[in-house]
Amino acid sequence: MTTPYPFSAVVGLDDLRLALLLTAVSPAVGGVLVRGEKGTAKSTVVRALAGLLPGIATVRGCRFACDPDAPDPGCPDGPHPIGGPADARPARLVELPVGATEDRVVGTLDLQRALSDGVKAYEPGLLAAAHRGVLYVDEVNLLPDHLVDLLLDAAAMGRAHVERDGVSVKHAARFLLVGTMNPEEGEPRPQLVDRFGLVVTVAAPRDAAQRAEVVRRRLAYEAGPDGFAARFAEAEREYAVRIAAARAQLPRVRLPDAELDRIARVCLAYGVDGMRADIVVARCAVALAAWHGRDRVTADDVRDAARLALPHRRRTDPLDPPGTDEEKLEQALAEAEQEAQREAEQQAAESSSGSDSGAADEGDDPDGDGPPGGGGGGGPAGPRDGGPSGGDAARSRNDGAGPRSGPDTMPDVSGSSGDGSGQAGDDAGQQEQAGQQERAGRQEQAGQGDRAGVAASAGPAYRTRTLRISARGEGGHAGRRSPAYARRGRVVGSRAPIGKLAGAPHLPATLRAALDRAGAEAASRTADISEISGMRVRVAPRDLRESVHVGREANLVLFVVDASGSMAARKRMTLVKTAVLSLLRDAYQRRDRIGMITFRGADAEVVLPPTSSHEVGVMRLAALRTGGRTPIAAGLRAAAATIATERRRDPRRRPLLVLVTDGRATSGPDPLRLAPVLNGVATVVVDCESGPIRLGLAGRLATALKAELMPLERLQAAVVPGSAAAPAPADRAYRQAA
């Protein structure tokens, strides 16, 4: 086994290393999600963490790693006596591959023992192996939905529930969840991101000396892993000792009320969803204090904890641009600091006004963490709580990692500047900007969209009708759009497994196969019907049948958008962008890959190659330029080439083409003649033609493409409260299946 790369040998990545160490000190923080471009040592650092974790004691012979001092009363291998025989071993790092099956993750029935010995035996999965260790998921954003559901359940309950194949098992599954991902490949589900306590964004060093040191150490490691690890053995031992000491210090760390108030103010100012953010920041701040050997949380601990725990909790729309919003976070920290100072000043004024009546003697708190304002006028962030106050708070913001902005660098959001000249300048600038926008709008309406390059912005997205491919697919990719044969879903039949059993066994079909085989064998030996009817039947492995399920799959949704001058009218383009934005959100919720092609002038452009990053699609849609002639044929040709390329790359993912146009082709060949190039592709034509007089050109194009025609105004799903939704036209069977 190759010696892992030492944790202490990693160059830079301070935030990532700190986040991993904090979760090792306090697993209650909730794990770490690492976002970053490829080649930034994400996996290397995570795998190196396992060597620093303290070893654990397990009940001898227990497959579920029960603690001998506190065994799980519901352990499938139990019950275990307290203090019984134990084995010591290192904490495990269990890797969950993206292509793992459900039975490998949660465990399943041991079919070989069930068929050969006639016993119902349970075979544990990866969740059992990761108990009291680390569960590492590389490319967590590509994890299938059903595996995400399993992780969410285990992370929330601390237990794994197995209900399948006639097996009903529950066992403890408390682990440190660490995931890595490349944002270019799309975002994971918001529910999964919220389960990670801390999120860190990493990038390659921008300093030449650091990059050279990274290469130097990597080459030295590859030349001799054991010798390279020996160079950092002492630093590794120091990390391990410090983690153990911090774990011992953790129960003694106190969180003063003043810092708890600061956490609440920061979370309110930052606009987080729910209460999990407050709890995670508090736990992280306590872990930080323990890591630094202190027995009290300080304002610096709260600031650093907020920087790691809050940025990913502000997204309220799944298509909002992801990533760390440092400026907003620093503003929230500054607002919380200013509010704390105002309260401290107010309490100090009230205390001084009541000093004649003896109020100064009240509120003495020898521990220093009593009610805010008590004793010495320290206030919520007073010196007795270990937090900065006044000018010290402003200076402390510039001591930590990352950009800091104190009161002296914060912009003047009030708009006043003494003589009022700043406000006047802002008004003049706003008037000039409004005039420019008005002139640009007039140019666009006058048919000058090519020169102006201005397009309307999208309105609020709405819930769209569900566009599906009616023919059943092979279930190459789990999702929520089109019907397909899958590993989960409604049982529609049975079949003999090809090789090892891939799905759940179909017991009635298995019994029928065993009866048919036994009857055929007996009939070949004797013609006595009574002997055949009274014989005993044994199920052989070749009788096994697996269930055939029909579920939903994800598709490639390719948007081909008309951006010509005929679409450039501001009102129409607003409607088109809103419709496409709504379809993008629907594709995100149904786990589809998306692509986008626009055509205008004399050619078509692939503005977004097929990807799982729906946020990029929103940005490309916002930057969409309009104007010029309408080369519909070029758009169809580009769509056919894109689909052909994707079919070679991923033949099991079926495409769904969404063509958004009014059908007026004013450039290039007749698009009706190019319809055969898209033969076999499920297509929906969204008709954008408006006005009292309509030519019906989009309808002719839909007929040639054998596509479903849907007027733009009918794309929005209309649901009457208290009744079922009306069937959508696109839900009817397409005349041509993909």
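Count residues from 1 along the sequence.
The neighbour count for R694 CZ, taken as heavy atoms of other residues, nucleotides or ligands under 6.0 Å away, is above 12.
Summarising the geometry, atom CZ belonging to R495 is positioned 12.0 Å from atom NE2 belonging to H506; distances are rounded to the nearest 0.5 Å. To the nearest 0.5 Å, atom CG of residue L142 and atom CG of residue N182 are 9.0 Å apart. A distance of 12.5 Å separates CD of E139 from CG of L96, quoted to the nearest 0.5 Å. Rounding to the nearest 0.5 Å gives a distance of 13.0 Å between NZ of K38 and CE of M181. Note that CZ of R654 is 13.0 Å distant from CD1 of I643, once rounded to the nearest 0.5 Å. R629 contributes atom CZ, which lies 10.0 Å from atom OG of S564 (distance to the nearest 0.5 angstrom).
Put simply, the side chain of R472 never gets that close to the backbone of S470: no donor and acceptor are under 3.5 Å apart. Although no hydrogens or angles enter the test, the distance criterion places no donor-acceptor pair under 3.5 Å between the side chain of R664 and the main chain of L697. In this structure a side-chain-to-backbone donor-acceptor pair under 3.5 Å is present from D687 to E689. Side chain of R590 to backbone of R480: a donor-acceptor contact under 3.5 angstrom is found. At least one donor-acceptor pair under 3.5 Å links the side chain of H312 to the backbone N or O of F196. Side-chain atoms of K42 do not come within 3.5 Å of backbone N or O of G179 as any donor-acceptor pair. Judged purely by atom type and a 3.5 angstrom limit, S494 has no side-chain atom pairing as donor or acceptor with the backbone of S547. Judged purely by atom type and a 3.5 angstrom limit, R593 uses its side chain to pair as donor or acceptor with the backbone of P610. In this structure, the side chain of T661 engages the main chain of G663 through a donor-acceptor pair within 3.5 Å. Looking at T40, its side chain never comes within 3.5 Å of a backbone N or O of G36 through a donor-acceptor pair.
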Inset, instruction - Take V681 and L656 through the test side-chain contact (heavy atoms from CB on, under 4.5 Å) and record every step on the way to the result. - result: CA-CA 7 Å; V681 177; L656 173 62; over 6 Å; no
Inset, instruction - Output, in order, the C-alpha distance, side-chain angles, deciding distance and verdict of side-chain contact (heavy atoms from CB on, under 4.5 Å) for L198 and L33. - result: CA-CA 6 Å; L198 311 179; L33 174 61; over 6 Å; no
Inset, instruction - Take L583 and L715 through the test side-chain contact (heavy atoms from CB on, under 4.5 Å) and record every step on the way to the result. - result: CA-CA 9 Å; L583 290 169; L715 187 63; 3.9 Å; yes
Inset, instruction - Walk me through it: do L608 and V616 pass the test side-chain contact (heavy atoms from CB on, under 4.5 Å)? - result: CA-CA 8 Å; L608 180 65; V616 179; 3.5 Å; yes
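Residues L678 and L657 form a side-chain contact, since some pair of their non-hydrogen atoms from C-beta on lies under 4.5 Å apart. Counting only heavy atoms from C-beta outward, the side chains of R652 and D650 approach each other to under 4.5 Å. At least one side-chain heavy atom of V34 sits under 4.5 Å from a side-chain heavy atom of V202. Side chains of V105 and L147 form a contact here, defined as non-hydrogen atoms less than 4.5 Å apart. In this structure, T703 and L709 have side chains that are not in contact, with every pair of non-hydrogen atoms separated by 4.5 Å or more. Looking at heavy atoms from C-beta onward, D592 lies out of side-chain contact with L556 at the 4.5 angstrom threshold. The side-chain heavy atoms of R637 and P669, taken from C-beta on, include a pair separated by under 4.5 Å. Between L467 and R481 the shortest side-chain heavy-atom distance falls below 4.5 Å.
When all heavy atoms are compared, the tightest approach of G617 to I594 is CA-CD1, 4.3 Å. Across all non-hydrogen atoms, the minimal contact from A675 to A704 is CB-O, 3.4 Å. The minimum heavy-atom distance between A579 and L712, with the atom names listed, is CB-CD1, 3.5 Å. Contact record, S667 with G601: OG-O, 3.5 Å, taken as the closest heavy-atom pair. Heavy-atom minimum distance, L143 versus P97: CD1-O, 4.3 Å. For Y270 against L310, the heavy-atom pair with the smallest separation is CE2-O, 3.3 Å.
In this structure D562 satisfies the salt bridge (charged side-chain N to carboxylate O under 4.0 Å, His left out) test with no other residue, sequence neighbours excluded. Partners of T44 according to the side chain to side chain contact (heavy atoms under 4.5 Å, CB included) rule, which considers only residues two or more places apart in sequence or in another chain, are Y5, A41, R218.
Using a cutoff of 4.0 Å between basic side-chain nitrogens and carboxylate oxygens, E95 and R47 are scored as salt-bridged. Using a 4.0 Å cut-off between charged nitrogen and carboxylate oxygen, E646 and R653 do not count as a salt-bridge pair. Using a cutoff of 4.0 Å between basic side-chain nitrogens and carboxylate oxygens, D207 and R211 are not scored as salt-bridged.
Among L659, I597, L624, the one residue that satisfies the side-chain contact (heavy atoms from CB on, under 4.5 Å) test with V561 is L624.
Between R585 and T464, the side chains place no donor N or O within less than 3.5 Å of an acceptor N or O (distance only, hydrogens not considered).
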